[in-house]
Trainee: 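One structure is given below, represented as structure tokens, and several questions about it will come after.
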Amino acid sequence: DWYNKAPKEFLHYYYNGERSAARREMVILTQVMAHEINVGYAHLINEAVITVNGQVPRDLADFARIVDGTDPNGRIEIVTSTGGIILFDRAAAELAKPAIRERYRLREDRFL
């Protein structure tokens, strides 16, 4: 019965999407974990990630690779399927990781 509750966009990807070398799986932003670093982005939930720093992520591991490859003093830009744009400094995000992990009781900053 999950399909009755799933966002229609995701159902489209599920039933009609085609995997390719360029995109093996959709990367989905399900929720923004509130912190001072990401104020103003809480409304972006259940959105497909279209690009990260102008690159289409092949899968979640590629998304992480793109983020990790960003200049430590650079900015990260994530564009979502509804046109949402998330923009933040990588250095500030790195500094916020420990507080976010503690607040949400995360053992790791990612699980791939």
Trainee: Under 3.5 Å, side-chain donor or acceptor atoms of residues 48-55 against the rest of the protein: list the pairs with distances, not counting sequence neighbours.
Mentor:
| residue | atom | partner | partner atom | Å |
| --- | --- | --- | --- | --- |
| Asn53 | OD1 | Glu77 | N | 2.8 |
| Asn53 | ND2 | Thr70 | OG1 | 2.8 |

Trainee: Quick one: side-chain hydrogen bond (donor to acceptor under 3.5 Å, both in side chains) partners of Asp68, sequence neighbours excluded?
Mentor: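 side-chain hydrogen bond (donor to acceptor under 3.5 Å, both in side chains) check on Asp68 returns Arg110.
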Trainee: Considering only Ile, Leu, Val, Met, Phe, Trp and Tyr, and joining two whenever side-chain heavy atoms are under 4.5 Å apart, list the other residues clustered with Tyr104.
Mentor: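 Members other than Tyr104 - counting any ILVMFWY side chain reachable under 4.5 Å - are Met33, Ile37, Ile100, Leu106.
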Trainee: Can you pull the side-chain hydrogen bond (donor to acceptor under 3.5 Å, both in side chains) pairs that have at least one residue in residues 28-41, sequence neighbours excluded?
Mentor: none
Trainee: My understanding is that only residues two or more places apart in sequence, or in another chain, count here; which of them pass side-chain hydrogen bond (donor to acceptor under 3.5 Å, both in side chains) with Arg75?
Mentor: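 Checked Arg75 against side-chain hydrogen bond (donor to acceptor under 3.5 Å, both in side chains); matches are Asp89.
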Trainee: Tell me whether Val39 is reachable from Leu87 by hopping between hydrophobic residues (I, L, V, M, F, W, Y) whose side-chain heavy atoms are closer than 4.5 Å.
Mentor: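 In one cluster: no.
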Trainee: Which residues satisfy the side chain to side chain contact (heavy atoms under 4.5 Å, CB included) test with Glu94, sequence neighbours excluded?
Mentor: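 By the side chain to side chain contact (heavy atoms under 4.5 Å, CB included) rule, Glu94 matches Arg90, Lys97.
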Trainee: Just to verify, what does Arg101 make a side-chain hydrogen bond (donor to acceptor under 3.5 Å, both in side chains) with, not counting sequence neighbours?
Mentor: none
Trainee: Following the transitive rule for hydrophobic clusters with a side-chain heavy-atom cut-off under 4.5 Å over Ile, Leu, Val, Met, Phe, Trp and Tyr, establish whether Ile86 and Ile76 coincide in one cluster.
Mentor: yes
Trainee: Linking I/L/V/M/F/W/Y whenever any side-chain heavy atoms sit under 4.5 Å apart, do Val32 and Val27 land together?
Mentor: yes
Trainee: With sequence neighbours excluded, give me every salt bridge (charged side-chain N to carboxylate O under 4.0 Å, His left out) pair touching residues 51-61.
Mentor: Arg24-Asp59, Arg58-Asp62
Trainee: Among all residues two or more places apart in sequence or in another chain, which pass the side chain to side chain contact (heavy atoms under 4.5 Å, CB included) test with Ala93?
Mentor: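 Residues passing side chain to side chain contact (heavy atoms under 4.5 Å, CB included) with Ala93: Phe88.
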Trainee: Can you list every pair that meets salt bridge (charged side-chain N to carboxylate O under 4.0 Å, His left out) and has a residue in residues 38-54, with sequence neighbours left out?
Mentor: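 Qualifying pairs, neighbours excluded: none.
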Trainee: Answer yes or no: is there a donor N or O on one side and an acceptor on the other, between the side chain of Arg103 and the main chain of Ala34, under 3.5 Å?
Mentor: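 Confirmed, Arg103 side chain pairs with Ala34 backbone.
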Trainee: Side chains of Ile78 and Val67: does their closest heavy-atom pair fall under 4.5 Å?
Mentor: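 When only atoms from C-beta onward are counted, Val67 and Ile78 do not touch, as no gap falls below 4.5 Å.
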